[in-house]
Amino acid sequence: GDIPLIRFSTRLQDISPFHAMNLLRRSRELERSGMDIVHMEIGEPDFPAPAAVVDAGIRAIADGNIKYTVAAGLPELREGIAGHYAARYGINLPIERIFITPGGAGALLLAFAALVDDDNEVLMADPCYPCNRNLIRLFDGRPRLIPVGPESNYQLNADRVDDCWGERTAGVLIASPSNPTGTMIDVEEIKAVVDVVESHGGFAIFDEIYHGLHYERPAETALNVSDQVFVVNSFSKYFGMTGWRLGWIVVPEAFVEPVERLAQNMFISAPSHSQAAALAAFGPSNIRELETRRSIFRKRRDFVMVQLAEMGFEIQAKPQGAFYVYAGCRNFTEDSFDFSHQLLENHGIAVTPGKDFGLHRQEAHVRFAYTTSMERLELGMDRLRKAVRKN
């Protein structure tokens with residue numbers, strides 16, 4: 001007889017693909033067939049992990065002591081992070097509130113596991129990073145995408161959060177600097193959002209994984225506004241350690257014990273060789289290296305913005321951080337998804353379609369990541385100019 005099909009969980013149907021990763025896979029196929037591709041599709045710094053970090057990691061591996069750490073992470077690394085908050089933001093954080101996680105995604109998983117119940121709604125900006133809404137679905141929560149545009153700098157604000165708060169709303173997620181737009185929320189607005197959320201008895205999660213990569217003024221941490229917020233960060237972006245899979249979360253005092261229980265069960269611990277490597281991340285010479293990289297990113301941002309604007313792409317809010325330009329492409333296409341695929345297949349340029357980041361005017365936008373060398377960016381912009389002329 002027929003073998004009955006194994007049933008998928010219903011939540012699987014709600015997990016959308018990450019188009020940037022699909023484009024990456026396709027661009028790698030094209031490269032294997034001999035085509036040259038300028039990569040502007042994924043948010044991964046092109047610099048290697050800093051030498052000091054690599055050396056510390058190699059030493060840890062050579063010592064052979066790669067074992068589980070305590071669930072919250074190496075105490076010395078948590079002290080390093082607390083020291084970083086003290087130096088950069090003037091804030092005094094007890095290390096008990098800091099948990100080291102497998103990547104920023106691991107930090108978000110802990111937050112959602114601790115906070116989201118069945119059918120709880122979580123408010124977030126649209127456009128935003130796609131995996132966040134998918135992770136909320138894993139806990140049977142409901143991401144509620146709130147359309148934002150240049151008039152609010154592509155960020156949620158207190159008024160919008162208050163207006164959209166409904167019976168099922170449990171909390172809000174705000175990313176600053178944000179992916180895909182690179183825009184930031186200022187400290188007054190953080191205060192106002194936190195006040196609104198507290199008045200509703202909800203939670204606020206701040207995704208600060210692009211902190212450090214700012215080009216106008218430094219980003220403010222929400223931890224300076226309230227000790228009841230959840231703050232997620234990562235070693236992947238400013239610290240340039242994507243493949244080491246290391247992030248952290250800062251939780252309110254009352255959540256220390258329950259989050260530790262979750263971490264023990266979900267991860268046991270973050271990778272210990274990565275934690276040992278990250279001990280070198282906060283050294284003065286390493287920070288100097290990272291600051292040099294930041295100035296290189298700024299030059300690339302300025303170059304890409306000028307080039308895109310000259311070609312007729314619309315950039316309605318200047319990216320203040322991260323390493324993306326979210327550009328309107330309606331002068332060239334009605335369908336950014338198809339446009340991205342044409343650019344890849346016919347012109348050797350990989351960019352991410354708006355479809356990855358939500359529903360709001362997604363067909364009219366593409367995201368350019370300036371995470372490749374100036375020489376490659378120049379080549380990419382030349383190819384793009386030819387492509388849009390043909391169009």
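- The aromatic rings of F47 and F297 sit perpendicular to each other, their planes meeting at more than 60°, with 30° as the lower class boundary.
- Separating the CD1 atom in I66 from the CD1 atom in I61 is a distance of 5.5 Å, to the nearest 0.5 Å.
- Scanning both residues, R301 and Y215, for their nearest heavy atoms gives NH1-CB, 3.5 Å.
- The only option from F239, W248, Y89 that meets the ring pair (Phe, Tyr, Trp, His ring centres under 6.0 Å) definition with H211 turns out to be Y89.
- With rounding to the nearest 0.5 angstrom, the CG atom of L343 is 10.5 Å from the CE atom of M40.
- For the pair R144 (side chain) and C164 (backbone), a donor-acceptor distance under 3.5 Å is present.
- Placement of L262 and L173 within a single hydrophobic cluster is found when ILVMFWY residues are connected by side-chain heavy-atom separations under 4.5 Å, directly or transitively.
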- Task: Go through the steps to decide whether E260 and F99 satisfy the test side-chain contact (heavy atoms from CB on, under 4.5 Å), and finish with yes or no.
- Result: CA-CA 8 Å; E260 181 149 31; F99 288 81; 3.8 Å; yes
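- A donor-acceptor pair is defined here as one N or O able to donate and one able to accept, closer than 3.5 Å; no such pair exists between the side chain of R97 and the backbone of V250.
- In summary, R26 and E29 engage in a salt bridge, as defined by a charged side-chain N under 4.0 Å from a carboxylate O.
- With rounding to the nearest 0.5 angstrom, the CZ atom of F206 is 13.5 Å from the CG atom of N233.
- Aromatic ring orientation, F323 versus Y210: perpendicular (interplanar angle above 60°, classes split at 30° and 60°).
- At distances below 3.5 Å, not a single donor-acceptor pair connects side-chain atoms of S274 with backbone N or O atoms of R245.
- Under a 3.5 Å cut-off, the side chain of E220 and the backbone N or O of V187 do not form any donor-acceptor pair.
- The shortest non-hydrogen separation linking T352 to L23 is CA-CD1, 4.1 Å.
- Checking side-chain atoms of T101 against main-chain N and O of G103 turns up a donor-acceptor pair under 3.5 Å.
- Between F313 and F339, the ring-plane angle classifies as tilted under the 30° and 60° cut-offs.
- Residues I190 and I91 share a single hydrophobic cluster, defined by chaining ILVMFWY side chains whose heavy atoms lie under 4.5 Å apart.
- Here the closest non-hydrogen pair linking R133 and S16 is NH2-OG, 4.1 Å.
- To the nearest 0.5 angstrom, I98 atom CD1 is 11.5 Å from I249 atom CD1.
- Of all heavy-atom pairs spanning R294 and L213, the tightest one is CD-CA, 4.3 Å.
- Checked options P147, P180, S178; the residue passing with P127 is P180 (criterion: side-chain contact (heavy atoms from CB on, under 4.5 Å)).
- Ring to ring, F337 and H19 are close: their centroids are under 6.0 angstrom apart.
- Using a 4.5 Å heavy-atom cutoff, the side chains of P130 and F357 are in contact.
- Taking the ring centroids of H84 and Y238, they lie at or beyond the 6.0 Å cut-off.
- Cluster annotation: I209 and I42 are assigned to distinct hydrophobic clusters (Ile/Leu/Val/Met/Phe/Trp/Tyr, side-chain heavy-atom contacts under 4.5 Å, transitive).
- Ion pair R160/E189 not flagged as a salt bridge, since none of the NZ, NE, NH1 or NH2 atoms sits closer than 4.0 Å to an Asp/Glu carboxylate oxygen.
- Across R376, R300, R293, a single residue satisfies salt bridge (charged side-chain N to carboxylate O under 4.0 Å, His left out) together with D46, and that is R300.
- For F303 and Y370, the ring centers sit 6.0 Å or farther from each other.
- Checked by atom type and distance alone, the side chain of Q316 never pairs as donor or acceptor with a backbone atom of P150 at under 3.5 Å.
- The backbone N or O of I95 lies less than 3.5 Å from a partner atom in the side chain of R78, making a donor-acceptor pair.
- A donor-acceptor contact shorter than 3.5 Å links the side chain of S336 to the backbone of H365.
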- Query: So V231 and Y85, side-chain contact (heavy atoms from CB on, under 4.5 Å) or not? Walk me through it.
  - Reply: CA-CA 12 Å; V231 166; Y85 277 107; 3.9 Å; yes
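- Residues F112 and V256 fall within the same hydrophobic cluster, defined by Ile, Leu, Val, Met, Phe, Trp and Tyr side chains chained together at heavy-atom separations under 4.5 Å.
- Closest non-hydrogen pair, P177 versus A322, comes out as CB-N, 3.9 Å.
- Taking OG1 from T221 and CG from L93, the interatomic distance works out to 8.0 Å, rounded to the nearest 0.5 Å.
- Judged purely by atom type and a 3.5 angstrom limit, E151 uses its side chain to pair as donor or acceptor with the backbone of G149.
- In plain terms, the two heavy atoms of L156 and A125 that are nearest each other are CD1-N, 3.8 Å.
- Classification of E31 and R28 as a salt-bridged pair holds, one side-chain N sitting under 4.0 Å from a carboxylate O.
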- Message: Set out, in order, the CA-CA distance, both residues' side-chain angles and the distance that settles side-chain contact (heavy atoms from CB on, under 4.5 Å) for V366 and F332, then state yes or no.
- Response: CA-CA 11 Å; V366 285; F332 314 110; over 6 Å; no
- Kindly indicate, with the supporting measurements, whether the criterion side-chain contact (heavy atoms from CB on, under 4.5 Å) is fulfilled by T183 and Q155. CA-CA 7 Å; T183 59; Q155 289 284 352; 3.6 Å; yes
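- No donor-acceptor pair under 3.5 Å is formed between the side chain of S269 and the backbone N or O of Y68.
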